[in-house]
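Side-chain atoms are counted along with the backbone in the values below, which use heavy atoms only and exclude waters and symmetry mates. Residue numbers start from 1 in every chain, and the chains themselves are labelled A, B, ... in the order their sequence lines are given, proteins ahead of strands.
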Amino acid sequence: MQKFEEVYEVVKLIPLGKVTSYGAIAKYLSTGARMVGWAMNSSHNLNIPAHRVVNFKGVLTGKNHFSNPFLMQELLEKEGHKVVNNQLINFKEVFWDPRLALE
DNA sequence: GGCGTGACTTGAA
DNA sequence: ATTCAAGCCACGC
């Protein structure tokens, strides 16, 4: 089974207005956090809301991998998030843990 | 089948 | 508080 697909599924299940971390997904899939980020790297052509996935601090570490680095922040702000200096200010409030949501 | 790599995480200096 | 190093695991070559 390809973990990428599982990662995609989880990311696609992230509710609108919520975000999650690579580690949370990795934990849910019982895998390494780096794998999640790497999976996202292959999600470019797919319909994956990768902008809803940030690192455990709520920092938009992967923005540089978007077609336009500002696109990630724009999408997040568009969904009601507040991003300052590439970081979500209400991160813990909008944090969505797949492990708790999907159990 | 081994080696390097990465959009991460955690703990110690 | 900030910086450094090591651990983590699946994928591609």
Side-chain angles (χ1 to χ4, degrees):
Chain A
M1 170 191 300
Q2 297 197 334
K3 290 291 186 182
F4 282 17
E5 293 187 8
E6 295 190 17
V7 175
Y8 299 153
E9 288 300 315
V10 175
V11 175
K12 281 193 284 190
L13 286 175
I14 300 175
L16 187 66
K18 297 279 184 170
V19 297
T20 190
S21 71
Y22 301 91
I25 298 174
K27 208 170 172 185
Y28 172 69
L29 298 177
S30 303
T31 186
R34 315 207 109 223
M35 185 232 83
V36 179
W38 200 8
M40 304 315 299
N41 195 14
S42 300
S43 71
H44 274 215
N45 276 37
L46 304 173
N47 203 17
I48 308 297
H51 57 278
R52 294 184 189 155
V53 185
V54 296
N55 72 350
F56 84 107
K57 288 180 195 163
V59 181
L60 283 54
T61 52
K63 67 169 189 165
N64 202 20
H65 289 263
F66 283 75
S67 49
N68 184 337
F70 291 92
L71 181 62
M72 185 172 188
Q73 180 170 337
E74 286 185 16
L75 289 172
L76 285 171
E77 291 180 341
K78 215 171 175 183
E79 297 187 357
H81 298 295
K82 300 295 192 304
V83 182
V84 176
N85 197 9
N86 298 333
Q87 182 167 3
L88 291 164
I89 59 177
N90 291 330
F91 177 57
K92 62 177 185 178
E93 296 183 9
V94 298
F95 177 72
W96 178 82
D97 191 347
R99 206 169 165 219
L100 297 179
L102 308 176
E103 297 191 69

- Here the distance between atom C1' of C/dA1 and atom NZ of A/Lys57, to the nearest Å, is 12 Å

Identify whether any heavy atom of [X] sits under 4.0 Å from a base atom; if not, whether one sits that close to sugar-phosphate; answer base, sugar-phosphate or nothing.
X: A/Asn55; value: sugar-phosphate
X: A/Ala50; value: base
X: A/His51; value: nothing

- So, A/Arg52 side chain and A/Ile14 main chain: donor-acceptor pair closer than 3.5 Å or not? yes

- How close do A/Trp96 and A/Ala101 get, heavy atom to heavy atom, and via which atoms? NE1-CB, 3.3 Å

- Which pairs with one or both residues in residues 59-70 of chain A pass side-chain hydrogen bond (donor to acceptor under 3.5 Å, both in side chains), sequence neighbours excluded? A/Lys63-A/Asn86

- Got a sec, which hydrophobics cluster with A/Leu71, joining ILVMFWY side chains under 4.5 Å apart, including via others? A/Val19, A/Val54, A/Leu60, A/Phe66, A/Met72, A/Leu75, A/Leu76, A/Val83, A/Leu88, A/Phe91, A/Val94, A/Phe95

- Between protein and nucleotides 6-13 of chain C, map the contacts as a letter string: B base, S sugar-phosphate only, - none, heavy atoms under 4.0 Å, written 5' to 3'. -BBSBB--

- Query: Is there side-chain contact between A/Pro98 and A/Thr20, with at least one heavy-atom pair below 4.5 Å?
  - Reply: yes

- Note, A/Asn47 side chain near A/Lys12 side chain (heavy atom, < 4.5 Å): no

